[in-house]
Trainee: 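Please find one structure pasted underneath; my questions will follow.
Start at 1 and go down the list; that is how both ligands and their atoms are numbered. We use all heavy atoms of the structure for the numbers below, so side chains are in, but hydrogens, waters and symmetry mates are not. Owing to the predicted nature of the structure, the values given are computational and were not obtained by experimental measurement.
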Amino acid sequence: MAWEDRQGVYNFNPGPAALPEAVLRRAQEELPSYAGGGLSVLEMSHRSQAYDEIQARAQNGLRRLLGIPDTHRVLFLQGGASLQFAMVPLNFIPEGGAAGYVLTGSWSEKAYQEAERVGLRAAVAASTKEAGYRRIPDWSEVRDEPDWAYVHITTNNTIVGSQWHHLHPSLSVPLVADMSSDICSRPVRVEDYHLIYAGAQKNIGPAGVTVVIVREDWLGQAEEIAKARRLPTMLRYAVHAKNDSRYNTPPVFAVYLVALVAEWTLEQGGLSAMEARNREKADLIYGALDESDGFYQGVVEPGSRSWMNATFRIADPDVEKRFLEEARAKGFLGLAGHRSVGGVRVSMYNAVPVEACAKLREFMDDFRRRHR
Ligand SMILES: *Cc1c(COP(=O)(O)O)cnc(C)c1O
């Protein structure tokens with residue numbers, strides 16, 4: 001019954017977002033009893049052998065997908081990407097030190113502000129704020145000072161709808177990336193980063209778990225800094241790493257879903273296949289903009305467009321309002337732009353099928369013909 005309700009519903013929510021239907025069905029099937037053990041994942045000990053296996057599946061799935069080298073650890077933390085905004089500077093900027101932040105949108109601003117809020121020195125390594133965040137800077141515009149602890153970037157700007165498409169950095173200091181809204185959407189060279197973090201609820205699972213991929217040889221330094229600063233235990237990466245993400249009770253069900261999503265993504269052909277699919281979906285939606293003679297106005301410069309979140313405006317606010325209402329009535333959900341910017345945002349993460357974007361494209365073309 002409930003599965004039938006999903007027919008004709010196209011989930012473009014920005015996060016929490018669509019999950020693969022195969023994953024939901026599997027979770028439903030296994031809900032009362034995991035692996036024949038007679039217990040639900042919801043009610044088992046995080047120290048049990050069954051959960052050991054679940055967490056290993058999630059870690060190994062991400063390792064295989066992203067090609068994470070042995071130099072890096074995979075942690076499952078809580079507090080969302082937003083807590084990482086504080087944990088990264090607290091653990092890695094030593095007393096008297098600083099770090100550089102590349103400002104490309106609201107989330108990167110929040111990361112930058114949080115570093116300052118916890119009393120550490122954050123510098124702007126580059127910013128496209130004056131351009132209304134409509135573009136991503138080139139690496140040649142990114143400043144790096146030898147005494148910075150790291151440079152922080154946001155690989156996909158979920159709200160404005162821009163994304164880095166030239167990811168090979170040329171920096172002399174460690175690189176840290178917030179990949180919350182595009183992790184696992186395309187291949188990435190993990191070895192280029194000292195630390196990657198992502199709230200799971202966009203591309204790799206449900207809300208409640210944050211994936212952190214961190215270079216092991218950086219953790220010793222973090223431990224010293226955390227000790228000197230008397231950081232609370234839960235804010236220390238070194239503690240979470242030593243305890244294999246089980247210093248306290250981890251969000252076991254969320255980690256289980258990350259395992260299922262990672263395995264589903266591998267079955268789809270891994271990240272090269274995801275990239276091809278995501279490109280196809282983005283081409284459908286941006287094609288509607290580019291062939292609309294200015295009816296749909298893309299927010300971001302073409303070279304910086306996100307394949308995950310496409311944003312656009314319709315010049316007449318009444319028509320834009322009608323667009324969102326009609327879309328909703330036709331089953332296209334989650335299309336309203338972020339409350340801070342308005343307009344329309346099409347979030348098309350990994351689990352959004354090509355068919356959903358094809359249907360939305362048809363609707364967009366039809367709507368334009370009827371309203372110009
Ligand atoms: C959604 C998002 C966040 C916030 O994540 P929470 O898990 O809600 O804290 C941070 N950064 C980016 C790029 C995001 O898309």
Trainee: Any chance the side chains of Asp244 and Gln59 put a donor and an acceptor closer than 3.5 Å?
Mentor: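 Gln59 and Asp244 do have a side-chain donor-acceptor pair below 3.5 Å.
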Trainee: Taking 4.0 Å as the limit for heavy-atom contacts, which would you say applies to Lys110 with ligand 1: side chain only, backbone only, both, or neither?
Mentor: neither
Trainee: Going by the order shown, which atoms of ligand 1 are within less than 4.0 Å of some heavy atom of Phe85?
Mentor: 10 (C)
Trainee: Could you check whether Tyr34 and Glu53, counting side-chain N and O atoms only, form a donor-acceptor pair closer than 3.5 Å?
Mentor: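 Side chains of Glu53 and Tyr34: no pair found under 3.5 Å.
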Trainee: Please classify the Tyr197 to ligand 1 contact at 4.0 Å (heavy-atom distances, strictly less than): side chain, backbone, both or neither.
Mentor: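 Under 4.0 Å from ligand 1, Tyr197 contributes no heavy atoms.
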Trainee: Please report whether the ring centroid of His46 lies less than 6.0 Å from that of Tyr51.
Mentor: no
Trainee: Could you tell me whether the side chains of Thr158 and Asn309 share a donor-acceptor contact shorter than 3.5 Å?
Mentor: no
Trainee: Ligand 1 and Asn156, any nitrogen or oxygen pair closer than 3.5 angstrom?
Mentor: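 For ligand 1, there is no N or O atom that lies under 3.5 Å from one belonging to Asn156.
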Trainee: What's the shortest distance from atom 15 (O) of ligand 1 to any protein heavy atom, and which residue and atom give it?
Mentor: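 Going atom by atom, the protein heavy atom closest to atom 15 (O) of ligand 1 ends up being Thr158 OG1, 2.4 Å.
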Trainee: Tell me: protein heavy atom nearest atom 11 (N) of ligand 1, and distance?
Mentor: Asp178 OD2, 2.7 Å
Trainee: Quick one: look up the protein heavy atom nearest atom 5 (O) of ligand 1 and list residue, atom name and how far away it is.
Mentor: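 Going by distance alone, atom 5 (O) of ligand 1 is nearest to Ala81 CB, 3.5 Å.
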Trainee: Using a 4.0 Å heavy-atom threshold (strictly under), name the region of Ser82 that reaches ligand 1: side chain, backbone, both or neither.
Mentor: both
Trainee: Considering distance alone, does some N or O of Lys202 sit under 3.5 Å from an N or O of ligand 1?
Mentor: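 Yes - when backbone and side-chain N and O of Lys202 are compared with those of ligand 1, one distance drops under 3.5 Å.
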Trainee: What atoms of ligand 1 come within less than 4.0 Å of a heavy atom belonging to Thr154?
Mentor: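 Numbered from 1, ligand 1 contributes 13 (C).
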Trainee: Can you label the angle between the Phe363 ring and the Phe323 ring as parallel, tilted or perpendicular, going by 30° and 60°?
Mentor: tilted
Trainee: Please identify which atoms of ligand 1 are closer than 4.0 Å to at least one heavy atom of Gly80.
Mentor: 7 (O), 9 (O)
Trainee: Taking Arg305 first and then Asp290, would you say they form a salt bridge - that is, a charged N and a carboxylate O separated by under 4.0 Å?
Mentor: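 Asp290 and Arg305: salt-bridged.
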Trainee: Could you tell me the residue and atom name of the protein heavy atom closest to atom 7 (O) of ligand 1, and the distance to it rounded to 0.1 Å?
Mentor: Gln201 NE2, 2.9 Å
Trainee: Look at Arg117 together with Glu114 and state whether they make a salt bridge at an N to O cut-off of under 4.0 Å.
Mentor: yes
Trainee: For the residue pair Asn350 / Ser185, report whether a side-chain donor-acceptor contact shorter than 3.5 Å exists.
Mentor: no
Trainee: Indicate whether the side chain of Gln113 and that of Tyr101 have a donor and an acceptor atom separated by less than 3.5 Å.
Mentor: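 Per modelled atom types, Gln113 and Tyr101 side chains form no pair under 3.5 Å.
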Trainee: Any heavy atom of Gln84 sitting closer than 4.0 Å to ligand 1?
Mentor: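 Gln84 does not count as a contact of ligand 1 under the 4.0 Å cut-off.
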